[in-house]
Amino acid sequence: MTGVERHADSGLADGLERLWTPHRMTYISGEDRPEGGYEKPAGCPFCLAPGLPPEESLVVARGEHVFAVLNLYPYNPGHLLVCPYRHVADYTELDAPETAELAVFTKAAMRVVRQVSSAHGFNLGMNQGGVAGAGIAAHLHQHVVPRWGGDANFMPVIGRTKVVPQLLTDTRDLLAKAWPA
């Protein structure tokens, strides 16, 4: 075979090339989940990230109450998460200073990503609870997903694959350098 797969039902070639992304299987299968899950801070990647070196944590910027970190499994290049340091699951559990700084960091994330990558727009959002799509429901996080005209091209629509053109550590360095002091 030359990269063209045989159709499972008929055995006939379907004419499609495959772009393999085997690194995603760790996320899909949950192999990297801690034994006790994400419910407790000891197993929560958002609680652990601020204590790791920058190249391991992918933390871009730190505030008093929240921090910005690259998504390990981004929807688009530059996909950031704004997280409170405190391990809380629901937006209503944030206190006033956390809520205010989360908003400030979200705005800063948008400005920085626009500056370094000329994003045309953004998707912002929080998935509250597993049923709403939160992969790590135990620790609140706001998604800041940059968008560009035409970024929903054939790759994600037909190929069900996203192309991330830069190593996450390189993206982290670029965003951290541009983040306002």
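These numbers were taken from a predicted model, which means no experiment stands behind them. When reading the values below, keep in mind they use all heavy atoms of this one structure, side chains included, and skip hydrogens, waters and symmetry mates.
- In this structure, NE2 in H79 is found 13.5 Å from OH in Y73, a value given to the nearest 0.5 Å.
- Rounded to the nearest 0.5 angstrom, C44 SG and H87 NE2 are separated by 5.0 Å.
- When all heavy atoms of Q128 and A89 are compared, the pair lying nearest together is NE2-O, 3.7 Å.
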Subject >> Pair V144-V82, side chain to side chain contact (heavy atoms under 4.5 Å, CB included): steps then yes or no >> reply: CA-CA 8 Å; V144 180; V82 180; 4.2 Å; yes
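- Put simply, the side chain of W148 gets close to the backbone of S117: a donor and an acceptor are under 3.5 Å apart.
- Legend: residues meeting side-chain contact (heavy atoms from CB on, under 4.5 Å) with R111, ordered by chain and number and at least two apart, are K107.
- Residues P77 and P146 approach most closely at O-CG, 3.0 Å, considering heavy atoms.
- The heavy-atom pair separating A119 from R114 by the smallest distance is O-CG, 3.6 Å.
- For the pair E56 (side chain) and P53 (backbone), a donor-acceptor distance under 3.5 Å is absent.
- The backbone N or O of L70 lies less than 3.5 Å from no partner atom in the side chain of R172, so there is not a single donor-acceptor pair.
- The OG1 atom of T169 sits 11.5 Å away from atom CG of L174, with the distance rounded to the nearest 0.5 Å.
- Criterion: ILVMFWY side-chain heavy atoms under 4.5 Å apart, direct or through other members. Under it, L175 and L52 are not part of a common hydrophobic cluster.
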Name every donor-acceptor pair, under 3.5 Å, that has one atom in a side chain of residues 60-69 and the other anywhere in the protein, sequence neighbours excluded.
unit_1: R62; atom_1: NH1; unit_2: P50; atom_2: O; d: 2.8
unit_1: R62; atom_1: NH2; unit_2: P50; atom_2: O; d: 3.3

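- Hydrophobic cluster membership differs between V104 and V59, with clusters built from Ile, Leu, Val, Met, Phe, Trp and Tyr side chains linked at under 4.5 angstrom.
- Interatomic distance, Q142 CD to T106 OG1, rounded to the nearest 0.5 Å: 4.0 Å.
- No side-chain heavy atom of T99 sits less than 4.5 Å from a side-chain heavy atom of D95.
- Under the salt bridge (Lys or Arg N to Asp or Glu O under 4.0 Å) criterion, E101 pairs with no residue at all, not counting sequence neighbours.
- Residue L81 holds its CG atom at 5.5 Å from NE2 of H143, rounded to the nearest 0.5 Å.
- Remark: S118 pairs with no residue by the side chain to side chain donor-acceptor pair (under 3.5 Å) rule, at least two apart or across chains.
- Put simply, CG on L80 and CG on N71 are 9.0 Å apart, with the number rounded to the nearest 0.5 Å.
- Between V145 and F122, every side-chain heavy-atom pair lies at or beyond the 4.5 Å cut-off.
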**OP:** Give the intermediate values and the outcome of ring-ring contact (aromatic ring centres under 6.0 Å, His included) for residues H139 and H141.
**Re:** CA-CA 6 Å; H139 196 130; H141 51 284; 7.7 Å; no
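- V88 has its side chain within reach of L94: a pair of non-hydrogen atoms, C-beta onward, lies under 4.5 Å apart.
- The two residues A108 and W179 make their nearest non-hydrogen contact at CB-CZ2, 3.5 Å.
- Between L140 and P84, the closest side-chain pair of non-hydrogen atoms falls below 4.5 Å.
- Contacts of N123 classified as side chain to side chain donor-acceptor pair (under 3.5 Å), with partners at least two apart in sequence or in another chain: R147.
- Closest approach of S57 and A49 over heavy atoms only: CB-O, 3.0 Å.
- For D173, the side chain to side chain donor-acceptor pair (under 3.5 Å) criterion is met by no residue, not counting sequence neighbours.
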